[in-house]
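Hydrogens, waters and symmetry mates are skipped; everything else that's a heavy atom, side chains included, is used. Note that the structure is a prediction, hence the values are computed from the model and not measured.
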Amino acid sequence: MAQSTTRLVRDGVSLQVVVDGDLAEGDLAGGDLVGGDVVGGDVVGGDVVGGAAAAGSPVVRPAVLVGGLLDGPEVWEPLVPLLSGERALVRISCRGCGDSSAATPSLTVSELAEDVLTVADALRIGTFDLVGVSMGGLVAQEVTLSAPERVASLGLVSSAPWLGENGRFVLRLVRDLVVADRIHEAVQFLAYAGLGPAFAERHPAEFGATVRAVERLPGIAANLVHLIEAMLPFDSRRRIGAITCPTAAVVAVDDLIFAAPCAESLLAYHPQAVLTRMAGGHCAFQSSPGIAAKALLDNWHLVRPPSIPWNK
């Protein structure tokens, strides 16, 4: 399976993008996507040059995967082998995550959603299946609400229409610890909430290694504060009923960030959505990827073939 890594650079914002599989004939060359177009052997002025995908397209729409808080493209690794045989996958790291540009003050979920659409435009993807994990699920909801004609189906993994009081408590505490310059405690608490108490107790060495790795991320303090500030006010409950595309949500019953009742409240506002419950905490989809993959594949298969090509 072909894989390429590139960066989209627009208005000073750089986004890390990994493509698994071929978006069309040939491979997407590595390089930078500047101003929404790919250069350096990729796309210039909307036309593809240098052996990228000018003609032909896969039969099936690509899927766009949006990572969560601090997530690089590796967060999707357990799911990629299970999903990539179905279609090309486009993994996007939000600002402040992975190797993307740092998050900035006053950043909003709407701006992160615009970034996703910018990547899709640059890769000449008109319609796509959209999946978001954790914070990426908030972004995916916003993309679907702002550009419903672009999203063929929506998948939410360890996410919800809102954080709820428990999730807001967790993220406010992490933010406040960072602001108080207690970054180790902030990261440790975030890892505890994300990986779960059982993981921390059963795998102390791996838990400690995870905390140390997160602490070493460039700009970790500012990125955490700005991304959490973007997440806290998000609430799509009054709007999500407007979503008409097939929607699936994978809910971890012991999630401490997006608590199961918050995720399950999706059905009250979007009754057509399909919920899949799985044991474990916020990151359970990584240890049990088969459950999440089946829910997403089933959701993709609910979409009727489009009357127009997916690519622009």
Side-chain angles (χ1 to χ4, degrees), residues 8 10-17 33 35-37 46 61-69 71 89-97 100-101 103-104 106-163 226-249 258 262-263 265-266 268-273 296 299-300 302-303 306 308 310-312:
L8 183 141
R10 182 168 184 154
D11 298 331
V13 175
S14 172
L15 299 173
Q16 182 183 18
V17 182
L33 293 75
D37 297 321
R61 296 173 312 278
V64 174
L65 314 180
V66 186
L69 182 65
D71 288 340
L89 307 177
V90 178
R91 297 186 257 168
I92 301 174
S93 297
C94 294
R95 303 187 206 186
C97 307
S100 294
S101 289
T104 53
S106 303
L107 182 67
T108 65
V109 171
S110 293
E111 289 178 278
L112 298 178
E114 290 172 8
D115 290 343
V116 171
L117 291 170
T118 297
V119 171
D121 289 343
L123 297 180
R124 299 173 61 191
I125 301 172
T127 60
F128 48 88
D129 294 292
L130 181 59
V131 182
V133 62
S134 188
M135 181 188 77
L138 308 185
V139 178
Q141 291 172 66
E142 195 62 42
V143 171
T144 308
L145 288 163
S146 63
E149 74 284 357
R150 303 288 296 275
V151 180
S153 72
L154 172 64
L156 305 176
V157 180
S158 297
S159 194
W162 66 310
L163 278 160
H226 299 325
L227 289 171
I228 288 173
E229 291 286 357
M231 294 173 67
L232 285 173
F234 185 86
D235 188 341
S236 70
R237 286 177 293 174
R238 293 186 178 181
R239 300 183 293 146
I240 202 166
I243 293 177
T244 58
C245 66
T247 302
F258 287 96
C262 283
S265 73
L266 174 67
Y269 305 96
H270 187 9
Q272 292 76 33
L296 296 175
N299 196 49
W300 293 350
L302 292 175
V303 183
I308 58 175
W310 61 262
N311 54 330
K312 289 187 170 182

> After noting the C-alpha distance and the side-chain angles of Glu229 and Leu227, does the key distance pass the side-chain contact (heavy atoms from CB on, under 4.5 Å) rule?
Replying inline: CA-CA 5 Å; Glu229 291 286 357; Leu227 289 171; over 6 Å; no
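- In this structure the side chain of Val133 reaches within 4.5 angstrom of the side chain of Asp71, judged on heavy atoms.
- The distance from the CG atom of Leu130 to the CG atom of Leu117 is 8.5 Å, given to the nearest 0.5 Å.
- Minimum heavy-atom separation, His270 to Thr247: NE2-OG1, 3.0 Å.
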> Yes or no on side-chain contact (heavy atoms from CB on, under 4.5 Å) for Gln141 and Leu138, after CA distance, side-chain angles and deciding distance?
Replying inline: CA-CA 5 Å; Gln141 291 172 66; Leu138 308 185; 3.9 Å; yes
>> Using the rule given for side-chain contact (heavy atoms from CB on, under 4.5 Å), can you reason through Phe128 versus Leu123, listing the C-alpha separation, both sets of side-chain angles and the distance that settles it, and then say yes or no?
In response: CA-CA 11 Å; Phe128 48 88; Leu123 297 180; over 6 Å; no
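- Between Leu145 atom CG and Ile240 atom CD1 the span is 6.5 Å, to the nearest 0.5 Å.
- The side-chain heavy atoms of Thr118 and Leu8, taken from C-beta on, include a pair separated by under 4.5 Å.
- For the pair Arg150 and Asp121, the salt-bridge criterion is met [side-chain N within less than 4.0 Å of a carboxylate O].
- Checking side-chain atoms of Ser100 against main-chain N and O of Gln16 turns up a donor-acceptor pair under 3.5 Å.
- Residues Glu114 and Val143 are not in side-chain contact: their nearest non-hydrogen atoms beyond the backbone lie 4.5 Å or more apart.
- Here the side chain of Asn299 pairs no donor or acceptor atom with the backbone of Leu296 at under 3.5 angstrom.
- When atom types are taken as modelled, the side chain of Ser159 and the backbone of Ser134 share a donor-acceptor pair closer than 3.5 angstrom.
- Residues Cys97 and Gly68 share a closest heavy-atom pair of SG-O, 3.4 Å.
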> Does the salt bridge (Lys or Arg N to Asp or Glu O under 4.0 Å) test come out yes or no for Arg239 and Glu142, once each step is laid out?
Replying inline: CA-CA 10 Å; Arg239 300 183 293 146; Glu142 195 62 42; 2.9 Å; yes
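- With values rounded to the nearest 0.5 angstrom, Thr144 atom OG1 is found 10.5 Å from Glu149 atom CD.
- Here the straight-line distance linking atom CG of Asp129 with atom OG of Ser153 works out to 3.5 Å at 0.5 Å rounding.
- Considering only heavy atoms from C-beta on, Ser146 stays 4.5 Å or farther from Ser110 through its side chain.
- Cys94 contributes atom SG, which lies 9.5 Å from atom CG of Leu69 (distance to the nearest 0.5 angstrom).
- For the pair Val13/Arg10, no side-chain contact is recorded, criterion being any heavy-atom separation below 4.5 Å from C-beta on.
- In this structure, Cys262 and Pro161 approach most closely via the heavy-atom pair O-CD, 3.6 Å.
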>> Between Leu163 and Phe234, does the side-chain contact (heavy atoms from CB on, under 4.5 Å) criterion hold? Intermediate values first, please.
In response: CA-CA 8 Å; Leu163 278 160; Phe234 185 86; over 6 Å; no
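- Under the 4.5 Å side-chain criterion, counting only non-hydrogen atoms from C-beta, Trp162 is not in contact with Ser236.
- Side-chain contact between Val64 and Val119: absent, with no pair of heavy atoms (C-beta onward) separated by less than 4.5 Å.
- Without hydrogens or angle criteria, Asp235 side chain to Arg237 main chain gives a donor-acceptor distance under 3.5 Å.
- Remark: Leu107 CG to Leu112 CG distance equals 4.5 Å, nearest 0.5 Å.
- Residues His226 and Thr104 have side chains that never bring a donor and an acceptor to within less than 3.5 angstrom of each other.
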